[in-house]
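This is a predicted model, so every value here is computed, not measured.
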Amino acid sequence: MLDLNTVNYGVIITGVVAGMAVLLIVVIVLLFITMSKLKKLSRSYKNFMRGKDTESLEDVIIAKFQEIEQLKRIEKENKRQMEELAQSFILAYQKIGIIKYDAFQEMGGKLSFALALLNKSNNGFVLNSMHSREGCYTYIKEIIDGKSYIKLSEEEKKAVDTAVNFNGLE
């Protein structure tokens, strides 16, 4: 049992005051930290709002939204144009095969050639130019799905095969 006569109230009061002093110091430190953060936030806000009132800030935001809408329209138009270009490339000649050869034994220098031009679907033509001493003779044959319905010479077949296997990196 605790005897009230032996309790030293001075020690208890000193302990309470010391505890309150420590608590006060902690509160003051927290107050300075909070004031520092508030000052930093206030400075950021002032920089953000410098030269602007609420109406001009609203105008800036509206202008940015209009720019975004304009960019969306431009992107949509660009996509449409790219799709259009992709469709036109299907028909464009994009595969090539060329074979140079001597058409006649008495001629040298490989002045004759077979040139195959095909689109993505392997449709197109093979152009054969045969050079001789008397002149130059040119023939063209249609190619459908990588094949010709007219008999091809060996050089023409090689040119068509090269074009069919053309990958654009050669």
Side-chain angles (χ1 to χ4, degrees), residues 30 32-170:
L30 290 174
F32 280 120
I33 291 172
T34 304
M35 286 173 54
S36 171
K37 288 184 179 182
L38 180 63
K39 186 176 181 180
K40 186 177 178 183
L41 181 63
S42 178
R43 202 175 317 126
S44 295
Y45 178 75
K46 284 180 183 177
N47 285 339
F48 176 71
M49 295 299 288
R50 187 177 313 137
K52 295 185 173 42
D53 56 9
T54 54
E55 290 177 14
S56 65
L57 188 59
E58 181 181 357
D59 293 340
V60 169
I61 292 171
I62 289 172
K64 292 298 176 190
F65 277 120
Q66 288 172 345
E67 285 180 31
I68 290 170
E69 290 302 319
Q70 183 180 5
L71 288 173
K72 284 180 180 179
R73 285 191 299 274
I74 291 170
E75 180 201 18
K76 189 175 183 180
E77 176 64 18
N78 286 345
K79 280 184 179 180
R80 185 194 63 77
Q81 289 175 350
M82 288 175 62
E83 288 172 1
E84 199 174 281
L85 284 172
Q87 289 299 318
S88 67
F89 279 135
I90 291 173
L91 301 175
Y93 296 122
Q94 47 191 289
K95 297 179 177 184
I96 186 170
I98 187 165
I99 302 295
K100 292 179 73 173
Y101 63 98
D102 290 324
F104 303 102
Q105 291 178 355
E106 71 272 0
M107 296 291 296
K110 294 188 176 184
L111 298 175
S112 300
F113 65 89
L115 171 67
L117 293 175
L118 305 176
N119 64 14
K120 187 175 183 177
S121 303
N122 291 328
N123 297 326
F125 62 89
V126 63
L127 183 71
N128 191 355
S129 177
M130 295 190 308
H131 185 74
S132 71
R133 288 188 178 158
E134 292 82 36
C136 184
Y137 304 96
T138 305
Y139 305 94
I140 190 167
K141 298 177 184 172
E142 185 178 23
I143 305 297
I144 299 173
D145 292 328
K147 297 178 177 64
S148 173
Y149 296 104
I150 301 171
K151 185 175 179 181
L152 298 176
S153 70
E154 199 59 39
E155 293 82 11
E156 291 170 332
K157 286 179 190 175
K158 287 180 185 177
V160 169
D161 288 342
T162 301
V164 166
N165 297 317
F166 184 79
N167 64 11
L169 301 175
E170 297 174 358

Within this structure, what is the [atom1]-[atom2] distance for the pair [X] and [Y], rounded to the nearest 0.5 Å?
X: Met82; Y: Phe89; atom1: CE; atom2: CZ; result: 10.5 Å
X: Lys147; Y: Asn122; atom1: NZ; atom2: CG; result: 9.0 Å
X: Lys76; Y: Leu71; atom1: NZ; atom2: CG; result: 14.5 Å
X: Tyr137; Y: Ser132; atom1: OH; atom2: OG; result: 4.5 Å
X: Lys39; Y: Ser36; atom1: NZ; atom2: OG; result: 8.0 Å
X: Lys110; Y: Ile99; atom1: NZ; atom2: CD1; result: 9.0 Å

Would you say the side chain of [Y] lies within less than 4.5 Å of the side chain of [X], judging by non-hydrogen atoms?
X: Asn128; Y: Thr138; answer: no
X: Leu118; Y: Asn123; answer: no
X: Leu152; Y: Val126; answer: yes
X: Glu67; Y: Lys64; answer: yes
X: Tyr149; Y: Ile144; answer: yes
X: Tyr139; Y: Met130; answer: yes
X: Ser42; Y: Lys46; answer: yes
X: Phe125; Y: Glu142; answer: no

Evaluate the side chain to side chain contact (heavy atoms under 4.5 Å, CB included) criterion for residues Cys136 and Ser129: first the C-alpha distance (whole Å), next the side-chain angles of each, then the deciding distance (0.1 Å), finally the verdict. CA-CA 7 Å; Cys136 184; Ser129 177; 3.1 Å; yes
At their closest point, which heavy atom of [X] faces which heavy atom of [Y], and how far apart are they?
X: Lys141; Y: Ser153; result: NZ-N, 4.4 Å
X: Ser121; Y: Asp145; result: O-OD1, 3.7 Å
X: Ile96; Y: Phe166; result: O-CD1, 3.5 Å
X: Ala116; Y: Ala159; result: CB-O, 3.5 Å

Between Glu84 and Arg80, does any NZ, NE, NH1 or NH2 come within less than 4.0 Å of an OD or OE carboxylate oxygen? yes
Can you check salt bridge (charged side-chain N to carboxylate O under 4.0 Å, His left out) on Glu75 and Lys72, steps first, answer last? CA-CA 5 Å; Glu75 180 201 18; Lys72 284 180 180 179; over 6 Å; no
Check whether more than 12 heavy atoms from other residues, nucleotides or ligands sit under 6.0 Å from atom NZ of Lys158, and answer yes or no. no
List the steps and the verdict of side chain to side chain donor-acceptor pair (under 3.5 Å) for Glu77 and Gln81. CA-CA 6 Å; Glu77 176 64 18; Gln81 289 175 350; 3.1 Å; yes
Could you tell me if Gln66 and Gln70 have a donor-acceptor pair between their side chains, going purely by distance under 3.5 Å? no
